[in-house]
Amino acid sequence: MSDIGDWFRSIPFITRYWFAASIAVPLIGKLGLVDIRNLLLFPEMIFSRFHIWRPVTATLYFPITPNTGFLYLVNLYFLYHYSTRLETGSFDGRPADYIFMLLFNWICIVITGLLINMQLLMIPLIMSVLYIWAQFNKDTVVSFWFGTQFKAHYLPWVILAFNFIIGGSFVNELTGNLVGHLYFFLMFKYPMDLGGRAFLSTPEFLYRFFPNRRGGVSGFGVPPTRRQAPQDNAGGLGGRHNWGQGFRLGGE
């Protein structure tokens, strides 16, 4: 148990609480402590009965059944793996900026969920984080099924295409990818590469609650380092990362 505790405490604190909540809420639903219908995103329940907790619980809840249990574990792996890499890599020492990224993505996903009647939001938020990691690590080589290898830049779209071929669904992945792209474009691509106006910036109050842990000014002066060897060589030699066996995401 001490080894598990040490491992859990080694997870960066934002990812740690997100990861823990994504275990606790599904278990609460699985054990029947609450009616799972109270955890899902239903627009009419939010606007007519003021169930304001639903956008949060719909992001943290995932049904655990014999048909979805493996998919749930895959999502937990993606959450832990790519959120940890972002928090300790590109966003290292900048908890306020990382929290703002998650909040922006979450708000966009909630709005999308309300518009298209998406009741579960866990996969889109995780995929948005994976997409942003892929943008910061475009040249990292990742491995897929049957030894296929490609640059990380294509990973979110490979997962989307693979899931569509296997299960005929790609809405969750597409939503996450588009939201991740929107954040990356508005925060970095448009103002820094294209010389446009900066539409996004981390609010100052987040810096007061979550100050930078090392020197520098608030916010990003330049995009976070996109190629950091220490964080991207963990999956294998020569910058290659084997992220898994190829999974079906998005089926519910």
Problem - Phe104 side chain near Leu186 side chain, heavy-atom distance below 4.5 Å - result: yes
Practice task
Take Tyr183 and Val179 through the side chain to side chain contact (heavy atoms under 4.5 Å, CB included) test and state the conclusion after the steps.
Solution key: CA-CA 6 Å; Tyr183 169 83; Val179 168; 5.8 Å; no
Exercise for the section: Determine whether the side chains of Tyr72 and Ser22 contain a donor N or O and an acceptor N or O closer than 3.5 Å. Expected result: no
Exercise for the section: First locate atom CZ of Phe188, then atom CG of Leu200, and finally report the distance between them rounded to the nearest 0.5 Å. Expected result: 9.5 Å
Fill in the blank from the handout: Heavy-atom closest pair (Met127 atom, Ile159 atom, distance to 0.1 Å) is CE-CG2, 4.2 Å
Problem - Check: Ile46 and Pro55 side chains under 4.5 Å, non-hydrogen atoms - result: yes
Completion exercise
Sequence neighbours excluded, the answer for salt bridge (charged side-chain N to carboxylate O under 4.0 Å, His left out) partners of Lys151 is Asp139
Handout entry: Joint cluster assignment, Phe62 & Leu31, ILVMFWY side-chain distance < 4.5 Å
Key = yes
Exercise for the section: Using atom types as modelled and distance alone, determine if a side-chain donor or acceptor of Glu87 lies under 3.5 Å from a backbone N or O of Ile14. Expected result: yes
Problem - Shortest non-hydrogen contact from Thr88 toward Pro12 - result: CG2-CG, 3.7 Å
Exercise for the section: For the pair Thr65 (side chain) and Thr68 (backbone), establish whether a donor and an acceptor sit closer than 3.5 Å, ignoring hydrogens and angles. Expected result: yes
Handout entry: Nearest non-hydrogen partners of Phe8 and Arg16, listed with the distance
Key = CZ-CG, 3.3 Å
Practice task
Examine Trp18 together with Tyr98 and report whether their ring centres are nearer than 6.0 Å.
Solution key: no
Handout entry: Shared hydrophobic cluster for Trp53 and Leu114 (ILVMFWY, side-chain gaps under 4.5 Å)
Key = no
Completion exercise
The side chain to side chain contact (heavy atoms under 4.5 Å, CB included) partner of Ile99 among Leu103, Asp97, Leu102 is Leu103
Exercise for the section: Show the numbers, then the answer: is there a side chain to side chain contact (heavy atoms under 4.5 Å, CB included) between Met101 and Leu86? Expected result: CA-CA 11 Å; Met101 181 271 290; Leu86 271 184; 4.0 Å; yes
Handout entry: Short side-chain to backbone donor-acceptor contact, Arg54 and Leu40, under 3.5 Å
Key = yes
Practice task
For Ile52, look at atom CD1 and say whether over 12 heavy atoms of other residues, nucleotides or ligands are found less than 6.0 Å away.
Solution key: no
Practice task
Any chance you could measure Thr175, atom OG1, to Ile123, atom CD1, to the nearest 0.5 Å?
Solution key: 10.5 Å
Problem - Stepwise side chain to side chain contact (heavy atoms under 4.5 Å, CB included) test for Ile132 and Asn105 - result: CA-CA 11 Å; Ile132 293 169; Asn105 290 0; 3.5 Å; yes
Problem - Phe199, CZ: over 12 other non-hydrogen atoms inside 6.0 angstrom - result: yes
Exercise for the section: Search all heavy atoms of Thr57 against all heavy atoms of Leu39 and return the closest pair with its distance. Expected result: OG1-O, 2.9 Å
Practice task
Give, for atom CG of Asp92 and atom CZ of Arg85, the distance between the pair rounded to the nearest 0.5 Å.
Solution key: 14.0 Å
Completion exercise
Arg197 meets the salt bridge (charged side-chain N to carboxylate O under 4.0 Å, His left out) criterion, sequence neighbours left out, with none
Practice task
Describe, in one word, how the ring planes of Phe205 and Phe209 are oriented to each other, choosing from parallel (under 30°), tilted (30 to 60°) and perpendicular (over 60°).
Solution key: perpendicular
Practice task
Please round to the nearest 0.5 Å and tell me the distance separating atom OH of Tyr131 and atom CG of Leu155.
Solution key: 11.5 Å
Practice task
For the residue pair Asn172 and Met118, establish whether any side-chain heavy-atom pair is separated by less than 4.5 Å.
Solution key: yes
Practice task
State whether the number of non-hydrogen atoms from other residues, nucleotides or ligands found under 6.0 Å of Tyr17 atom OH is greater than 12.
Solution key: no
Practice task
Give the C-alpha distance, both sets of side-chain angles, the deciding distance and a yes or no for ring-ring contact (aromatic ring centres under 6.0 Å, His included) between Trp157 and Phe150.
Solution key: CA-CA 11 Å; Trp157 304 106; Phe150 45 84; over 10 Å; no
Exercise for the section: Compare every heavy atom of Ser83 with every heavy atom of Thr15, then report the nearest pair and how far apart it is. Expected result: OG1-OG, 2.6 Å
Practice task
From the options Asn75, Leu60, Val25, select the one residue that forms a side chain to side chain contact (heavy atoms under 4.5 Å, CB included) with Met122.
Solution key: Asn75
Exercise for the section: Return the set of residues passing side chain to side chain donor-acceptor pair (under 3.5 Å) with Trp106 (not counting sequence neighbours), or none when no residue passes. Expected result: Thr59
Practice task
Could you tell me the separation between the CE atom of Met187 and the CE atom of Met192, rounded to the nearest 0.5 Å?
Solution key: 8.0 Å
Handout entry: Nearest non-hydrogen partners of Pro211 and Pro95, listed with the distance
Key = O-CG, 3.6 Å
Completion exercise
Here the gap from Ile126 atom CD1 to Phe78 atom CZ, rounded to the nearest 0.5 Å, amounts to 9.0 Å
Exercise for the section: Show your working on side chain to side chain contact (heavy atoms under 4.5 Å, CB included) between His153 and Asn137 and close with a plain yes or no. Expected result: CA-CA 7 Å; His153 176 68; Asn137 299 274; over 6 Å; no
Handout entry: Side chains of Leu121 and Tyr61 in contact at under 4.5 Å (non-hydrogen atoms)
Key = no
Problem - Heavy-atom check, side chain of Leu120 versus side chain of Pro63, under 4.5 Å - result: yes
